[in-house]
Amino acid sequence: METNTSNTEKVQKNFLEEIIENDLQSGKVQAIQTRFPPEPNGYLHIGHAKSICINFGLAKKYGGKTNLRFDDTNPVKEDTEYVDSIKEDIHWLGFDWAEEHYASDYFEQLYDWACELIKKGLAYVDDQTNEQIRENRGTVQSPGKNSPFRDRSVEENLRLFEEMRQGKYQDGEKTLRAKIDMAHPNMNMRDPIMYRIIHASHHRTGDKWCIYPMYDYAHGESDSIENITHSICTLEFDIHRPLYDWFIKSLEIYPSHQYEFARLNITNTVMSKRKLLQLVKDGYVSGWDDPRMPTICGFRRRGYTPESIRKFCEDIGVAKRDNLIDYSRLENALRDDLNKKADRVMAVLHPVKLIIDNYPADQTEQLEAVNNPEDESRGKRKISFSNTLYIEQDDFMENAPKKYFRMTVGQEVRLRYAYIVRCTGCEKDEVGNVTAVHCEYDPLTRGGDTPDGRKIKGTIHWVDANNCIDAKVNVFDRLFNTEKPDEVEEGKTFLDNLNPDSLTVLQGCKLEKSLQNVKPLDKFQFERVGYFSVDYDSATDNLIFNRTATLKDSWAKQK
Ligand code: ATP
Ligand code: MG
């Protein structure tokens with residue numbers, strides 16, 4: 001696990017910044033041009049946020065530009081729903097692209113370049129089945145076997161490739177392959193497939209094409225078309241770099257360069273779109289934006305701010321080696337941000353009545369409360385107080401241990417912003433559950449001060465039972481029980497690591513009246529409880545809050 005990010009490390013330039021500064025100084029590039037290249041086959045997750053922050057962040061820092069390019073070369077899995085969500089999420093994170101492109105816009109150019117490679121004797125049509133191709137690739141220890149179709153003439157290759165495009169062949173009947181070296185130590189260089197036949201409608205090009213370029217061919221060439229100076233991707237692509245370079249060199253086109261950084265992994269979560277899709281499709285979560293999902297839209301719905309996600313990405317830095325980041329670092333970035341921004345309010349999630357026996361039954365007071373001690377400009381508000389309040393069940397204990405400073409018979413406690421009260425007893429139902437707590441207040445302690453200076457150790461929050469509103473509160477826990485849910489024993493899958501208690505729905509929570517007219521995504525700190533955000537499905541007569549995070553890292557203690 002990665003833990004050390006000392007301040008000195010943070011000021012230091014990361015390796016990408018060093019490369020870029022060198023390239024600018026040496027005149028290798030005049031201005032930098034990056035791109036963010038998502039495949040529109042799912043919603044963006046926090047790993048993508050990292051890539052977005054790097055690509056857009058570097059361009060911004062060095063006065064360059066970033067394109068958004070949809071890497072839409074696989075019609076079977078892609079959809080405009082994903083395209084729209086990706087754009088929304090990038091904007092929400094606070095970035096804007098210079099140009100919007102689609103790899104599918106380059107299909108004609110890519111086709112022409114493929115013909116050029118055929119003419120140069122650097123590509124050929126192969127009739128082998130996928131299985132044969134796989135078998136003949138050899139292994140890391142042993143060289144592969146040349147395809148029997150490897151030495152077709154240029155004319156024949158051009159004709160067959162053209163026929164592939166025209167739809168003369170079935171899926172899998174033929175492929176176009178680069179002619180490199182079947183004994184190459186890098187398996188990616190053993191005559192990699194450039195095109196395969198897929199008779200499927202594409203979300204943008206419809207039925208115009210039935211041959212689609214492979215990632216390795218389409219990606220670098222798209223970079224080159226857009227004059228991308230620094231093509232930044234994740235570490236697993238480093239063994240693809242020789243092929244990336246081979247295509248560009250063979251075609252003699254703009255020499256984009258690929259650089260790799262370590263992908264972001266976070267504890268207790270999975271990050272592959274395939275797995276996230278499975279969680280959605282099979283109903284393990286309510287959708288891509290389920291607040292337990294590591295998707296950007298999930299974090300948004302949960303109450304995360306774009307600033308906190310950007311800060312998190314900045315804090316964890318850019319690494320060259322794979323690492324696992326603790327989920328709590330994301331939560332800490334969130335707490336830092338919301339501590340400054342979120343108004344404090346009082347809400348009781350597990351209510352029990354507190355009756356103040358010596359307070360006039362027909363009286364109500366309006367007490368003053370500070371909205372945000374971190375931000376004076378947020379001002380103050382009035383909260384109502386009467387003889388019957390709600391407090392948290394666990395703020396009362398009948399037989400309390402010595403260090404319990406909250407409600408227990410005979411002990412004084414401060415009611416936040418209100419008075420000091422002394423607990424006198426409780427009522428119980430026939431099975432022994434506490435149904436009400438009784439106390440008496442000291443009228444001289446309005447606002448919570450003691451005129452005689454006596455010390456009151458505990459302060460608890462409350463809500464006026466005669467003047468409050470009800471809400472449903474979703475309390476989330478980690479979606480997975482294990483730090484690395486992808487690591488499973490044989491016969492098990494990541495689904496076996498799902499946390500069955502990742503969602504607890506609390507009904508009948510009691511909130512102060514000031515929360516009556518909140519709107520989705522409004523964020524608050526419920527004093528002593530945590531940070532909460534209003535859910536999309538919330539309405540004035542049916543308030544729903546999502547717990548974004550606890551006030552402190554409660555997970556760390558459990559470990
Ligand atoms: P997944 O494996 O989740 O499907 P992907 O790499 O296939 O992800 P793309 O849409 O191709 O998803 O990714 C777009 C960009 O985001 C790529 O440049 C990719 O390297 C980067 N990216 C994806 N996952 C991460 C991650 N966990 N950390 C950092 N960057 C990532
Ligand atoms: Mg990908």
Side-chain angles (χ1 to χ4, degrees), residues 2 14 16 34-59 66-74 76-79 81-87 89-90 93 95 97 101-104 203 213-216 218-220 222-223 226 228 230-241 244 256-281 288 293-299 309-310 312-325 327 329-330 484-486 494:
E2 185 267 9
N14 68 49
L16 290 171
T34 60
R35 87 286 171 265
F36 174 64
E39 182 178 356
N41 62 349
Y43 283 65
L44 296 182
H45 51 60
I46 185 81
H48 294 117
K50 170 93 206 180
S51 173
I52 290 169
C53 288
I54 291 178
N55 279 296
F56 284 89
L58 286 171
T66 307
N67 289 348
L68 169 60
R69 180 186 333 126
F70 290 99
D71 191 6
D72 55 350
T73 52
N74 185 355
V76 190
K77 291 189 187 159
E78 296 159 5
D79 200 90
E81 175 198 348
Y82 301 133
V83 169
D84 296 339
S85 76
I86 288 169
K87 291 203 263 186
D89 288 348
I90 298 173
L93 276 175
F95 297 105
W97 46 92
H101 292 296
Y102 295 79
S104 56
H203 70 107
M214 299 294 286
Y215 172 89
D216 279 320
H219 200 88
S222 300
D223 282 344
E226 293 173 28
I228 301 301
H230 298 80
S231 175
I232 299 161
C233 63
T234 38
L235 225 50
E236 68 273 21
F237 288 101
D238 69 341
I239 45 166
H240 295 246
R241 192 174 353 102
Y244 183 103
S256 297
H257 284 277
Q258 179 187 297
Y259 303 91
E260 306 89 15
F261 70 98
R263 62 192 296 126
L264 169 63
N265 299 300
I266 297 185
T267 53
N268 300 78
T269 190
V270 297
M271 213 85 96
S272 119
K273 276 187 276 190
R274 184 178 60 76
K275 287 178 182 162
L276 296 176
L277 179 66
Q278 196 179 347
L279 292 175
V280 174
K281 285 242 161 100
W288 285 99
M293 288 281 273
T295 49
I296 310 233
C297 56
F299 281 116
I309 294 178
R310 292 204 304 264
F312 166 75
C313 290
E314 190 187 312
D315 284 352
I316 56 176
V318 182
K320 259 183 170 173
R321 255 184 310 134
D322 274 321
N323 56 25
L324 180 64
I325 303 288
Y327 195 100
R329 293 187 64 178
L330 189 51
K484 300 176 181 175
D486 291 311
F494 75 106

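Just follow the structure's listing: the first ligand is 1, and inside any ligand the first atom is 1.
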side-chain hydrogen bond (donor to acceptor under 3.5 Å, both in side chains) partner of Tyr43, chosen from His48, Glu81, Lys273: Glu81
Do the ring centers of Tyr215 and His219 come within less than 6.0 Å of each other? yes
Answer with yes or no after comparing the ring centroid distance for Phe299 and Phe312 against a 6.0 Å cut-off, counting only values under it. no
Shortest reach to [atom] by a heavy atom, considering only [options]:
| atom | options | result |
| --- | --- | --- |
| atom 28 (N) of ligand 1 | Leu277, Asn265, Leu264, Ile232 | Leu264 |
| atom 17 (C) of ligand 1 | Ala262, Ser272, Ala49, Pro37 | Pro37 |
| atom 5 (P) of ligand 1 | Glu39, Lys50, Lys273 | Lys273 |

Nitrogen or oxygen of [X] less than 3.5 angstrom from that of ligand 1:
| X | value |
| --- | --- |
| Glu236 | no |
| Cys233 | no |
| Phe237 | no |

Which word best sums up how the rings of Phe36 and Phe56 line up, parallel for under 30°, tilted for 30 to 60°, or perpendicular for over 60°? tilted
Looking only at atom types and distance, does a side-chain atom of Ser222 sit under 3.5 Å from a main-chain N or O of Ala103, one as donor and one as acceptor? no
Judged by atom type as modelled, is there a donor-acceptor pair below 3.5 Å linking the side chain of Asn67 to the main-chain atoms of Arg69? no
Any atoms of ligand 1 less than 4.0 Å from a non-hydrogen atom of Phe261? List them with their elements. 29 (C), 30 (N)
Ligand 1 contact on Arg274 by region, counting heavy-atom pairs under 4.0 Å: neither
